[in-house]
There are 2 protein chains.
Amino acid sequence: MTQKLPRQATASEESLMRIFTVPEDADSTLSIIEQKLSEDLAGFLGDSIAALEKPLSEIETDFQTFEIPNQPRFVSDYTDEIMQNLVAHSVHTAAPSFIGHMTSALPYFVLPLSKMMVGLNQNLVKIETSKAFTPLERQVLGMMHHLIYAQHDDFYRNWMHSANHSLGAFCSGGTVANITALWIARNQLLKADGDFKGVTREGLIKALRHYDYDDLAILVSERGHYSLGKAVDLLGIGRDNIISIPTDADNKVDVTQMRKIAVELAHKRIKVMAIVGVAGTTETGNIDPLKQLAALASELNCHFHVDAAWGGASLLSNKYRHLLDGVELADSVTIDAHKQMYVPMGAGMVLFKNPEFAHAIAHHAEYILRRGSKDLGSQTLEGSRPGMAMLVHACLQIIGRDGYEILINNSLEKARYFAEQIDAHPDFELVTAPELCLLTYRYVPASVQAAMQVAIEQGDKAKLERFNEQLDGLTQFIQKHQREQGKSFVSRTRIQPARYFRQPTVVFRVVLANPLTSHEILNQVLIEQGEIATLDKEFLPALLAMVAE
Amino acid sequence: MTQKLPRQATASEESLMRIFTVPEDADSTLSIIEQKLSEDLAGFLGDSIAALEKPLSEIETDFQTFEIPNQPRFVSDYTDEIMQNLVAHSVHTAAPSFIGHMTSALPYFVLPLSKMMVGLNQNLVKIETSKAFTPLERQVLGMMHHLIYAQHDDFYRNWMHSANHSLGAFCSGGTVANITALWIARNQLLKADGDFKGVTREGLIKALRHYDYDDLAILVSERGHYSLGKAVDLLGIGRDNIISIPTDADNKVDVTQMRKIAVELAHKRIKVMAIVGVAGTTETGNIDPLKQLAALASELNCHFHVDAAWGGASLLSNKYRHLLDGVELADSVTIDAHKQMYVPMGAGMVLFKNPEFAHAIAHHAEYILRRGSKDLGSQTLEGSRPGMAMLVHACLQIIGRDGYEILINNSLEKARYFAEQIDAHPDFELVTAPELCLLTYRYVPASVQAAMQVAIEQGDKAKLERFNEQLDGLTQFIQKHQREQGKSFVSRTRIQPARYFRQPTVVFRVVLANPLTSHEILNQVLIEQGEIATLDKEFLPALLAMVAE
């Protein structure tokens with residue numbers, strides 16, 4: 001391991017230096033690919049990504065080597081290889097018929113801007129390695145803050161660029177954003193007091209002892225994102241202390257239940273640290289009654305966080321932003337720009353109503369993040385991180401409010417169109433209607449729908465369960481085959497519809513964020529699913545037999 | 001706020017769709033800039049970034065607007081603007097004379113590959129949005145694991161692509177990597193046991209009660225990175241429970257002291273949760289005695305984590321990897337690819353010796369991360385995140401072990417060269433010699449050095465303190481002016497050299513990672529600093545007066 005190599009020959013050193021100094025030739029494989037990316041991204045993706053799905057186990061055979069190779073390789077050889085092994089078996093997330101997740105087509109200009117960002121290789125942790133990127137990021141946070149909270153001019157003039165204040169924190173994604181918000185909320189609640197130096201210094205045990213709480217809890221809808229579980233695990237609060245509150249028929253949290261549970265917790269000396277409202281649940285896209293949650297948080301004197309990682313972008317629509325009414329009452333709000341703001345992956349944000357909120361996690365170090373500096377790293381969870389805020393800045397300026405108005409309204413209205421088509425189709429069932437641009441549904445032959453309706457009216461839960469069991473199998477069958485055929489993609493999840501007495505039910509899940517998804521494509525998705533259903537030789541026959549019983 | 005806009009005219013909708021479908025014209029501002037980036041990155045950066053530093057307060061005036069503009073903008077107008085406001089006032093982190101931080105010049109091929117990565121817009125949280133990127137990331141983790149632990153072939157064949165195992169976790173940077181390691185270590189220590197469901201479920205209070213510990217502690221060198229403080233804050237352990245252990249004259253942690261403190265903690269029923277070894281401290285670049293730390297961790301039956309965020313890349317050098325001997329005994333190791341592995345910002349990793357280690361944080365959700373799936377998101381702190389592993393993969397293949405051998409050996413040897421120059425120069429003092437490629441020094445006129453030597457021999461701490469106070473001012477003066485002149489950049493920090501009886505001492509800090517930094521540039525840095533020193537009218541005269549006393 002410690003064997004000494006002879007000093008390398010100058011020739012190989014020089015050829016190595018070339019990768020830092022001599023660009024790829026314009027005729028090189030990589031340059032040609034890059035040109036194609038620039039000229040026709042959709043064409044590149046369509047041509048390069050294999051239409052038919054290869055099983056993961058086969059893909060893995062190309063990624064078996066576990067030793068870093070000794071010999072350097074030519075860029076063109078490497079590029080040829082990854083075009084076949086990697087790019088061909090990537091997911092065409094930008095395809096207009098890829099409507100199963102929150103990724104979308106990207107505006108063209110983000111590609112060259114991303115390349116510029118990478119070339120500049122700034123590190124946002126501190127001014128010394130980011131300079132103008134720091135005020136730019138603060139401006140992006142200011143704009144997003146204004147979108148939510150619409151404070152007066154003076155507010156932004158005073159705090160947006162203030163060394164000791166933050167209107168929010170930029171991060172890699174919504175999970176880190178949610179963790180950041182709850183971290184600060186915990187530290188604020190258990191702050192220094194008298195002899196007690198605060199949870200940040202002394203830890204959770206001593207903090208609870210000092211404040212005389214038996215434990216902490218966080219209240220959130222049963223539809224809350226799994227990142228909240230990670231957050232309380234990390235924070236030492238424990239997953240069992242995320243109290244999962246039931247939702248009503250519309251998948252919105254039941255605030256009456258929440259209030260009742262809060263009272264019970266108080267009797268047990270368990271302090272509610274935060275209420276989390278969900279503005280766009282990941283599975284059904286619904287928005288909690290934010291105003292009522294804000295009122296409850298105020299009664300309980302606890303932090304109110306809104307997880308609008310996905311739904312927050314809808315604030316950019318003047319027509320539909322009323323759906324998120326009450327978000328402006330939140331103490332902190334998570335929004336991902338890489339979801340519906342058309343920014344590439346890796347751009348999350350959390351916004352703080354109070355510019356002093358992040359003081360509860362401020363930290364300093366000698367060589368950077370000195371007190372009084374404007375280094376962003378002193379109030380973020382992450383340390384070194386790239387200048388992704390630039391891409392959010394670009395989208396906000398180039399698309400503008402008027403552009404986002406169109407994009408978001410079209411998305412929401414496309415979802416309503418698709419919901420109507422599903423509703424009107426005899427063999428499909430709309431399970432959750434779209435509040436934003438997310439909906440769930442499944443394939444249920446008309447005769448099965450009729451038989452289930454009878455069972456519902458008779459309150460025959462056992463029968464419904466038998467139907468639902470077969471339908472779950474059928475839904476999974478259709479979703480998997482559709483994905484494998486590679487023409488279109490919907491995702492699937494499992495929810496508990498009130499209509500089925502909360503029996504767990506597997507459904508297709510569709511997110512209509514891609515501006516290029518047309519009505520024709522949506523109609524085609526239903527046709528394709530109907531065709532795939534007929535290929536099933538297990539669940540569909542069983543269902544039809546049950547109808548005939 | 002909820003005012004209804006009329007349905008937008010089709011014309012503006014169509015022009016909006018163009019940003020998703022029609023690429024920038026080859027003659028457009030952005031295309032021309034991109035071409036320049038491709039043809040001559042160094043030239044682009046050199047030409048576009050202003051040589052003279054503009055005060056931050058002036059830069060901020062261009063980032064004052066806090067309302068998202070209504071009107072969409074032309075890409076070319078926006079590009080012109082950010083070239084002036086943003087790019088011109090960025091930091092030239094790739095410049096060969098920018099030797100103050102851990103960024104470096106990047107290999108050319110990462111630019112087009114980054115653009116491809118952005119265009120593919122994969123989300124690594126789950127297979128459904130990343131497919132081949134998942135096995136690729138697992139392979140990168142396997143290669144890095146092998147670099148550290150060099151297990152047998154069967155080990156990698158069994159675990160590298162196993163759904164229920166992870167050889168490590170990819171993340172945005174070293175901070176998240178360190179947090180992940182300590183999070184898992186905490187959860188492993190306080191795991192489910194009998195009726196107790198584990199800290200992950202029940203939280204820290206009940207966990208300590210169950211295991212009958214009064215508190216937890218983490219032992220680390222006083223030179224440990226500030227991210228460890230963030231980690232224990234987040235984890236509810238409290239910053240005061242990071243026990244900062246003194247270092248010896250070489251800035252390596254004093255293991256005898258650490259053992260003594262561990263015994264004291266045990267008497268107080270405070271459980272040492274983890275020992276953290278630093279392999280390349282951020283401020284002096286030294287490496288803790290990892291074998292001794294491993295032995296102590298084994299005695300204490302606690303987790304042993306090595307923070308090799310910066311130094312870990314040196315394992316790629318067969319000639320120098322012995323400097324990190326003992327790293328293979330660590331339970332977990334942090335390495336940042338965006339530091340000395342020449343990958344752009346945003347590529348951190350933590351590697352786990354035991355492929356089952358991450359089980360302690362495994363989490364699942366209905367719509368993704370299903371049990372048994374190979375979704376990477378079930379065992380990472382972050383949720384959605386980009387396919388940065390591709391850039392690490394590319395560098396490992398294209399540069400290869402032989403290439404990294406040259407790059408790293410050259411860096412370390414360049415640091416030794418620079419140390420010799422500083423040592424030989426009558427007016428400079430080498431404060432910490434380079435173990436890897438990081439060193440610290442300061443400007444101290446020969447006559448001052450002589451006078452201080454006398455004071456050291458006389459043990460006259462008061463006099464040394466007076467000298468050091470003025471020298472601190474002078475070092476800050478030089479560093480600031482050098483940065484503002486824009487020709488070269490060193491950073492500064494404050495350390496406590498044993499030679500000066502541990503008086504806090506401000507020093508220049510230099511990291512020699514950029515392959516393009518020549519000996520000539522280093523010589524020039526000393527000349528420039530000597531010249532700047534003569535411009536100082538405060539500290540230098542005071543120092544010379546003290547010598548004359």
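Convention: sequence-line order gives letters A, B, ...; per-chain numbering from 1. Remember, it's a predicted structure, so these values are computed and weren't measured experimentally.
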**Student:** Looking at B:Leu204, B:Ile68, B:Val199, which makes the most heavy-atom pairs under 4.5 Å with chain A?
**Tutor:**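 Answer, by heavy-atom pair count under 4.5 Å with chain A: B:Ile68.
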**Student:** For A:Arg201, is it the side chain, the backbone, both or neither that has a heavy atom under 4.5 Å from a heavy atom of chain B?
**Tutor:**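 Interface part for A:Arg201: both.
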**Student:** Could you look at A:Ala394 and say if it's the side chain, the backbone, both or neither that has a heavy atom under 4.5 Å from chain B?
**Tutor:**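 For A:Ala394, backbone and side chain are both near chain B.
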**Student:** Where does B:Leu45 contact chain A at under 4.5 Å (heavy atoms): side chain, backbone, both or neither?
**Tutor:**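 Side chain of B:Leu45 only, per the 4.5 Å heavy-atom cut-off to chain A.
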**Student:** Of the backbone (N, CA, C, O) and the side chain (C-beta and beyond), which part of A:Arg138 lies under 4.5 Å from a heavy atom of chain B, both, or neither?
**Tutor:**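 For A:Arg138, there is no contact with chain B at all, as no heavy atom is under 4.5 Å.
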**Student:** Before giving the answer on salt bridge (charged side-chain N to carboxylate O under 4.0 Å, His left out), spell out for A:Glu202 and B:Arg239 the whole-Å C-alpha distance, their side-chain angles and the decisive distance to 0.1 Å.
**Tutor:** CA-CA 6 Å; A:Glu202 299 198 33; B:Arg239 288 166 184 266; over 6 Å; no
**Student:** Counting only non-hydrogen atoms closer than 4.5 Å, does B:Leu111 touch chain A with its backbone (N, CA, C, O), its side chain (CB onward), both, or neither?
**Tutor:**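 The answer is both parts of B:Leu111.
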**Student:** Check whether B:Val232 gets within reach of chain A through its side chain, its backbone, both or neither, counting any heavy atom under 4.5 Å.
**Tutor:**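 When you check distances to chain A, no heavy atom of B:Val232 falls under 4.5 Å.
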**Student:** Judged by modelled atom types alone, do B:Thr200 and A:Asp233 share a side-chain donor-acceptor pair under 3.5 Å?
**Tutor:**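 Their side chains do contain a donor-acceptor pair, which is all the 3.5 Å distance test asks for.
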**Student:** Between B:Glu13 and A:Asn410, is any side-chain donor less than 3.5 angstrom from a side-chain acceptor?
**Tutor:**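 Short answer, yes.
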**Student:** Using a cut-off of under 4.5 Å on heavy-atom pairs, state which of B:Ser38, B:Ser114, B:Gly142, B:Ser130 scores highest against chain A.
**Tutor:**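 Most heavy-atom pairs within the cutoff with chain A belong to B:Ser38.
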**Student:** At a 4.5 Å cut-off on heavy atoms, which part of B:Arg483 comes close to chain A: side chain, backbone, both, or neither?
**Tutor:**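 Contact with chain A: side chain only.
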**Student:** Taking every non-hydrogen pair under 4.5 Å, which of B:Lys206, B:Met116, B:Arg186 racks up the most with chain A?
**Tutor:**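 The answer is B:Arg186.
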**Student:** Within this structure, what is the CG-CG distance for the pair A:Asp402 and B:Leu16, rounded to the nearest 0.5 Å?
**Tutor:**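 A:Asp402 atom CG to B:Leu16 atom CG measures 10.0 Å (nearest 0.5 Å).
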**Student:** Heavy-atom cut-off 4.5 Å, strictly under: side chain, backbone, both or neither for A:Asp215 against chain B?
**Tutor:**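 The side chain, not the backbone.
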**Student:** Please look at B:Ser31 and chain A and tell me whether the side chain, the backbone, both or neither of the residue comes under 4.5 angstrom of a heavy atom of that chain.
**Tutor:**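 Answer is neither: B:Ser31 stays 4.5 Å or more from chain A.
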**Student:** Using heavy-atom distances under 4.5 Å, tell me whether A:Phe44 contacts chain B through its side chain, its backbone, both, or neither.
**Tutor:**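 For A:Phe44, side-chain heavy atoms alone lie under 4.5 Å from chain B.
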**Student:** Please identify each residue that fulfils side-chain hydrogen bond (donor to acceptor under 3.5 Å, both in side chains) with B:Ser227, with sequence neighbours left out.
**Tutor:**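 For B:Ser227 the side-chain hydrogen bond (donor to acceptor under 3.5 Å, both in side chains) partners, ignoring immediate neighbours, are B:Asn178, B:His225.
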**Student:** With distance as the sole criterion, is a donor-acceptor pair present between the side chains of B:Gln139 and A:Asp62 under 3.5 Å?
**Tutor:**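 Short answer, no.
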**Student:** With a 4.5 Å cut-off on heavy-atom pairs, point out which of B:Leu516, B:Ile361, B:Asp40, B:Leu381 contacts chain A the most.
**Tutor:**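 Ranked by heavy-atom pairs under 4.5 Å with chain A, first place is B:Leu381.
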**Student:** I need the B:Phe74 CZ to A:Phe109 CZ distance, nearest 0.5 Å.
**Tutor:**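 B:Phe74 atom CZ to A:Phe109 atom CZ measures 13.5 Å (nearest 0.5 Å).
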**Student:** Take A:Leu56 and B:Thr134 through the test side-chain contact (heavy atoms from CB on, under 4.5 Å) and record every step on the way to the result.
**Tutor:** CA-CA 9 Å; A:Leu56 189 59; B:Thr134 291; 5.5 Å; no
**Student:** Between chain A and each of B:Ala105, B:Pro112, B:Ala94, count heavy-atom pairs under 4.5 Å; write down the option with the most.
**Tutor:**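 If we count pairs closer than 4.5 Å to chain A, B:Pro112 comes out on top.
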**Student:** Rounded at 0.5 Å granularity, tell me how far CG in B:Asn121 sits from OG1 in A:Thr93.
**Tutor:**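 The OG1 atom of A:Thr93 is 4.5 Å from CG of B:Asn121, to the nearest 0.5 Å.
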**Student:** For the atom pair CG (B:Leu396) and CD (A:Glu67), what is the distance rounded to the nearest 0.5 Å?
**Tutor:**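 Spacing of CG (B:Leu396) from CD (A:Glu67) equals 12.5 Å.
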**Student:** Tell me, side chain or backbone of A:Val176 under 4.5 Å from chain B's heavy atoms, or both, or neither?
**Tutor:**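 Contact with chain B is through the side chain of A:Val176 alone.
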**Student:** Non-hydrogen atoms of chain A under 4.5 Å away: do they reach the side chain of B:Leu208, the backbone, both or neither?
**Tutor:**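 The answer is the side chain of B:Leu208.
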**Student:** Side chain, backbone, both or neither: which part of A:Ile495 has a non-hydrogen atom closer than 4.5 Å to chain B?
**Tutor:**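 Neither part.
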**Student:** Applying side-chain contact (heavy atoms from CB on, under 4.5 Å), run through B:Ser90 and A:Gln122 and close with a yes or a no.
**Tutor:** CA-CA 8 Å; B:Ser90 298; A:Gln122 307 290 290; 3.6 Å; yes
**Student:** Go through B:Glu24, B:Glu53, B:Met102 and name the one with the most non-hydrogen pairs under 4.5 angstrom from chain A.
**Tutor:**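 Top count of heavy-atom pairs under 4.5 Å with chain A: B:Glu53.
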**Student:** Please look at B:Ala42 and chain A and tell me whether the side chain, the backbone, both or neither of the residue comes under 4.5 angstrom of a heavy atom of that chain.
**Tutor:**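 For B:Ala42, neither part sits under 4.5 Å from chain A.
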**Student:** Please classify the contact of A:Met160 with chain B as side chain, backbone, both or neither, using a heavy-atom distance under 4.5 Å.
**Tutor:**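 Only the side chain of A:Met160 comes within 4.5 Å of chain B.
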**Student:** Apply side-chain contact (heavy atoms from CB on, under 4.5 Å) to the pair A:Ile82 and B:Met390, showing each step before the final yes or no.
**Tutor:** CA-CA 9 Å; A:Ile82 60 160; B:Met390 171 185 164; 4.0 Å; yes
**Student:** Does any heavy atom of chain B fall under 4.5 Å from the side chain of A:Leu234, the backbone, both, or neither of them?
**Tutor:**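 Both parts, heavy atoms under 4.5 Å.
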**Student:** Which distance, rounded to the nearest 0.5 Å, do you find between the CG of A:Leu120 and the CE of B:Met345?
**Tutor:**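 The CG atom of A:Leu120 sits 11.5 Å away from the CE atom of B:Met345.
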**Student:** What part of B:Ala88 gets within 4.5 angstrom of chain A, counting heavy atoms only: side chain, backbone, both, or neither?
**Tutor:**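 The answer is neither part of B:Ala88.
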**Student:** Quick one: do A:Glu60 and B:Lys374 make a salt bridge, cutoff under 4.0 Å?
**Tutor:**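 Result for this pair is yes, salt bridge flagged.
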**Student:** Rounded to the nearest 0.5 Å, how far does CD1 of A:Ile33 lie from NZ of B:Lys115?
**Tutor:**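 If we round to the nearest 0.5 Å, B:Lys115:NZ and A:Ile33:CD1 are 11.5 Å apart.
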**Student:** Determine whether the aromatic ring centres of residues B:Tyr78 and A:His393 are separated by less than 6.0 angstrom.
**Tutor:**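 When the ring centroids of A:His393 and B:Tyr78 are compared, they turn out to be within the sub-6.0 Å range.
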**Student:** Does any donor atom in the side chain of B:Glu382 or A:Ser172 lie under 3.5 Å from an acceptor atom in the other side chain?
**Tutor:**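 Checked: B:Glu382/A:Ser172 side chains pair up, N/O donor to acceptor below 3.5 Å.
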**Student:** Check the angle between the aromatic planes of A:Phe66 and B:Tyr156 and answer parallel, tilted or perpendicular using the 30° and 60° thresholds.
**Tutor:**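 Judged by the thresholds at 30° and 60°, the geometry between A:Phe66 and B:Tyr156 is parallel.
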**Student:** So which part of A:Leu147 gets closer than 4.5 Å to some heavy atom of chain B, the side chain, the backbone, both or neither?
**Tutor:**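 When you check distances to chain B, only side chain atoms of A:Leu147 fall under 4.5 Å.
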**Student:** Who among A:Leu86, A:Leu41, A:Ile237 has the most heavy-atom pairs with chain B under 4.5 Å?
**Tutor:**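 Heavy-atom pairs under 4.5 Å are most numerous for A:Leu86.
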**Student:** Is it the backbone or the side chain of B:Asp336 that comes under 4.5 Å from a heavy atom of chain A, or both, or neither?
**Tutor:**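 No part of it gets close to chain A.
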**Student:** Go through the atoms of A:Leu106 and report whether side chain, backbone, both or neither lie under 4.5 Å from a heavy atom of chain B.
**Tutor:**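 Contact with chain B involves both backbone and side-chain atoms of A:Leu106.
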